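Working notes for the structure below.
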Amino acid sequence: MNATAESIRLNFTPTLQYVLRIGDTCLIHAQRLAEWCGHGPALEEDIALTNMALDLLGQARALLAHAAQLEGQGFDEDQLAFLRDEREYFNLTLVELPMRRSSAHSPGGDFADTVLRNFLLASWLKALWTQLSASTDSELAGIAGKAVKEARYHQQHAGDWVVRLGDGTAESAGRMRTALERAAPYTAECFLRDGIDSAAQASGLGPARDSLQAVWTSEVNAVLARAQLSWPGATPFVSTGTLGCHSEHMGFILAEMQSLQRQHPGGRW
Amino acid sequence: MYTQAMDTAPKEERQAVRSTEEAQQEARFEKRIDQGQFIEAKDWMPEHYRKTLVRQISQHAHSEIVGMLPEGNWVTRAPTLKRKTILLAKIQDEAGHGLYLYAAAETLGTSRDQMLHALHSGKAKYSSIFNYPTLSWADMGVIGWLVDGAAIMNQVPLTRCSYAPYARAMVRICREESFHQRQGFDALLVMMQTGTDAQRAMVQESVNRWWWPSLMMFGPPDGESTHSAQSARWGIKRISNDDLRQKFVDATVAQAKVLGVTVPDPLLQWNESRGHHDFGPIDWDEFWRVVGGHGPCNKERLAARVKAWEDGAWVRDAAMAHAAKERERELASELASELAMEPAA
Amino acid sequence: MSESATAQTEWPLWEVFVRAKAGLDHKHCGSLHAADAKMAIQLAREVYTRRQEGTSLWVVRSSDITASDPADKDMYFDPMADKVYRHPTFYVLPAAVDHM
């Protein structure tokens with residue numbers, strides 16, 4: 001018996017990678033959101049953030065279970081979630097950025113980062129789920145049909161917070177502007193189109209990322225306007241999490257998340 | 001258990017001098033209690049009854065909130081997606097329970113912020129069990145099994161507490177609580193029955209650490225509980241510490257057998273003539289140390305709560321500032337439309 | 001923070017009413033703190049309907065609720081006790097029409 005559980009190696013297809021991009025994004029976002037449990041600015045909001053984390057976790061589980069099935073080696077949702085190498089996760093880098101705690105080498109995030117991230121991501125997921133409800137993959141369409149309702153609520157709840165904080169006190173407005181500066185560069189990745197996107201669109205599996213941009217931009221701009229905030233100037237920066245090449249935060253996230261599964265090969269939970 | 005703080009508080013001097021009218025009102029009040037009637041928020045009540053309840057309910061609420069922290073410690077390390085989901089839902093319930101209890105206490109004339117201020121300044125207590133560290137994943141199962149198990153024993157009688165808002169909150173809490181103990185026991189059963197040797201050792205090691213602190217949750221022995229008599233009189237506390245503790249031991253020993261874990265008490269054994277399990281002496285020095293603020297995690301738990309509160313101040317302030325701005329805008333636009341409707345002078 | 005300062009920045013208290021399903025009344029189920037009505041509705045959904053307890057929510061600022069005075073309980077409610085003619089069981093009808 002090995003002292004630690006080794007990584008699983010997946011057989012990749014464009015379809016699998018497309019599904020993992022969404023599933024891993026939900027998984028890592030849920031992981032970050034869960035950090036707030038017990039530390040929220042108000043008890044009621046603590047409960048709200050945890051609800052959001054639970055919704056995202058549910059979406060991740062459904063997608064990872066489906067991905068495992070598509071992959072065909074007989075893995076389950078937990079093996080996919082806990083036993084891949086960092087290079088084989090395909091989430092948006094955006095969701096790796098700190099939300100509450102700082103990692104060993106970088107400053108932490110705060111509630112402004114959190115509500116902004118929730119809003120930007122929920123808006124993206126809502127656009128995605130809406131189109132995915134028409135997927136030729138009926139399992140994916142089913143997952144999307146349920147998830148779009150959750151994304152609508154998250155977008156409303158987080159969007160209201162963006163407005164509250166953007167148009168609140170001088171301090172909250174300042175923090176929202178900082179949060180925007182931190183997050184904006186990582187949104188370019190949300191709307192790239194590569195071979196995997198094109199294949200998905202061609203087969204009817206799901207939309208290419210760039211087709212989500214128009215709706216997303218108009219909804220985000222509407223909320224930012226009410227929040228008295230403006231989008232920072234564009235930069236050439238593009239993040240690469242969807243290619244398996246992550247930020248330095250990802251290593252710490254995975255080390256924590258995977259620790260028990262790695263420590264107890266063959267464990268039953 | 002939530003009367004633990006009451007049991008360890010110093011005895012207070014009751015107001016000896018009362019007007020005749022107050023004495024009559026108190027007699028009527030006692031009669032209502034004797035008849036098993038519920039007391040609602042705006043009913044007349046002795047000041048001491050009101051104070052006792054504010055203290056007990058708010059400290060019960062604090063226990064729920066602080067109780068989120070030892071389990072919150074393991075959320076990001078949960079070993080499967082299902083266990084992560086279950087743990088998040090459980091901790092979230094605890095936040096909700098704290099919320100229902102703060103709401104019940106607020107009906108007695110205090111405010112959420114005042115109660116939190118008492119907690120953060122160290123004046124108010126919370127159940128001492130949450131001052132112990134969670135050092136392995138097995139602790140999540142053991143906390144569900146033992147700590148929530150003990151909590152349920154305390155909570156069910158409280159659903160018949162004379163003060164109705166507290167009783168109603170307890171009914172809601174009990175409905176949600178049963179899943180808490182079951183999920184913990186289930187997690188342990190899976191590890192003990194189908195897990196690896198290392199997992200089984202982890203579970204036993206966890207039980208070894210949590211058993212005695214769980215027994216201490218029921219508070220000091222009846223003889224040393226300062227407020228029990230009055231609390232019992234007023235239908236706030238219906239079963240004694242020692243009786244609850246005995247009930248807990250008897251129920252839990254059977255459950256331990258199902259799990260296949262050993263209770264770390266060499267003196268534990270069935271007493272045929274009593275019809276109960278005898279058990280070994282509790283280290284009351286440890287209990288008083290932890291209650292007094294010198295347990296393994298007292299400082300960390302309080303610091304975490306204070307930090308969350310202080311870090312959140314700008315958020316709460318911003319929400320209030322925005323609400324005020326919205327109200328002003330509404331008023332301005334109402335005024336503008338009124339003026340627009342007036343006929344030209 | 002001083003007590004008076006917290007009083008100004010404390011989120012107000014709201015009472016929450018939930019309709020469990022179509023056809024039933026809204027029932028009071030508890031309270032919560034929120035900065036404004038929109039937040040109160042969302043938080044009521046988070047706190048009080050996680051177990052599918054509701055199809056509709058009302059929130060009311062606690063300060064907007066007017067309650068009867070318990071001291072007037074006798075005056076307000078006892079006179080209702082002897083007006084039993086308002087209750088259907090007061091009327092004894094022949095068995096043939098008693099299903100009314």
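Just so you know, these numbers come straight off a predicted model, no measurement behind them.
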| Side chain A:Glu256, main chain B:Thr76, donor-acceptor under 3.5 Å | no

| field | Separation of A:His39 NE2 from B:Lys307 NZ (nearest 0.5 Å) | value | 9.0 Å

| request: Check whether A:Asn51 gets within reach of chain B through its side chain, its backbone, both or neither, counting any heavy atom under 4.5 Å. | output: both

| query | Can you tell me how far CG of B:Leu99 sits from CD1 of A:Ile47, rounded to the nearest 0.5 angstrom? | reply | 5.0 Å

| Quick one: what part of A:Arg175 sits under 4.5 Å from any heavy atom of chain B, side chain, backbone, both or neither? | side chain

| query | How far apart are the C-alpha atoms of B:Glu326 and A:Arg164, what are their side-chain angles, what is the distance that settles it, and do they pass the salt bridge (Lys or Arg N to Asp or Glu O under 4.0 Å) test? | reply | CA-CA 10 Å; B:Glu326 284 286 281; A:Arg164 234 172 251 130; over 6 Å; no

| query | Of the backbone (N, CA, C, O) and the side chain (C-beta and beyond), which part of A:Trp161 lies under 4.5 Å from a heavy atom of chain B, both, or neither? | reply | side chain

| Any side-chain heavy-atom pair of A:Leu165 and B:Trp314 under 4.5 Å | yes

| said: Quick check on the interface: out of B:Arg316, B:Arg112, B:Met68, B:Gln92, who has the most heavy-atom pairs with chain A under 4.5 Å? | reply: B:Gln92

| message | Checking an interface table here. Which of residues 16-27 of chain A come within a heavy-atom distance under 4.5 Å of chain B? | response | A:Leu27

| said: So for A:Ala173, is it side chain, backbone, both, or neither that comes closer than 4.5 Å to the heavy atoms of chain B? | reply: neither

| task | Against chain B, work out which of A:Gln263, A:Gln31, A:Gln258 has the most heavy-atom pairs shorter than 4.5 Å and name it. | result | A:Gln31

| query | Relative to chain B, which segment of A:Val163 carries a heavy atom at a distance below 4.5 Å: side chain, backbone, both, or neither? | reply | both

| task | Kindly check if the number of other-residue, nucleotide or ligand heavy atoms within 6.0 Å of NZ (A:Lys146) is above 12? | result | no

| request: For residues B:Val75 and A:Ala34, report the shortest heavy-atom separation together with the two atoms involved. | output: CG1-CB, 3.5 Å

| If you draw a 6.0 Å radius around CZ in B:Arg182, do more than 12 non-hydrogen atoms from other residues or ligands fall strictly inside? | no

| query | Checking B:Gln199 side chain against A:Gly267 main chain: does a donor-acceptor pair fall under 3.5 Å? | reply | no

| task | Taking all heavy atoms of B:Arg77 and all of A:Leu260, pick out the closest pair and write down the distance. | result | O-CD1, 3.3 Å

| For the candidates A:Met257, A:His264, A:Glu171, A:Arg61, which exhibits the highest count of non-hydrogen atom pairs separated by less than 4.5 Å from chain B? | A:Arg61

| message | Looking at B:Arg305 and A:Gly38, would you say the former's side chain and the latter's main chain have a donor-acceptor pair under 3.5 Å? | response | yes

| said: Heavy atom to heavy atom, less than 4.5 Å: which residues from residues 80-88 of chain B reach chain A? | reply: B:Thr80, B:Leu81, B:Lys82, B:Arg83, B:Lys84, B:Thr85, B:Leu88

| Contacting moiety of A:Glu45, where chain B heavy atoms sit under 4.5 Å | neither

| query | Does any heavy atom of chain B fall under 4.5 Å from the side chain of A:Leu64, the backbone, both, or neither of them? | reply | side chain

| By a 4.5 Å heavy-atom criterion (distance strictly below it), what part of B:Ala78 contacts chain A: side chain, backbone, both, or neither? | backbone

| note | Output for pair (B:Tyr102 OH, A:Leu43 CG), nearest 0.5 Å, gives 7.0 Å

| field | Engaged part of B:Leu188 at the chain A interface, taking heavy atoms whose separation is under 4.5 Å | value | neither

| query | Pick from B:Ala324, B:Ala308, B:Ala323, B:Gly96: which one has the most heavy-atom pairs with chain A under 4.5 Å? | reply | B:Ala308

| Separation between CG of B:Leu69 and SG of A:Cys37, rounded to the nearest 0.5 Å | 9.0 Å

| task | Tell me, for A:Phe82 versus chain B, whether the close heavy atoms (under 4.5 Å) come from the side chain, the backbone, both or neither. | result | side chain

| Among B:Ala319, B:Ser136, B:Ala187, B:Pro79, which has the most heavy-atom pairs under 4.5 Å with chain A? | B:Pro79

| task | Under 4.5 Å, counting heavy-atom pairs only, tell me which of A:Arg262, A:Glu35, A:Gln261 racks up the most with chain B. | result | A:Gln261

| request: Quick one: pull up CH2 in B:Trp137 and OG in A:Ser259 and give me the separation to the nearest 0.5 Å. | output: 10.5 Å

| request: Could you tell me which portion of A:Asp167 (side chain, backbone, both or neither) has an atom closer than 4.5 angstrom to a non-hydrogen atom of chain B? | output: both

| Of all heavy-atom pairs between A:Pro41 and B:Gly312, which one has the smallest distance, and what is that distance? | CB-CA, 3.7 Å

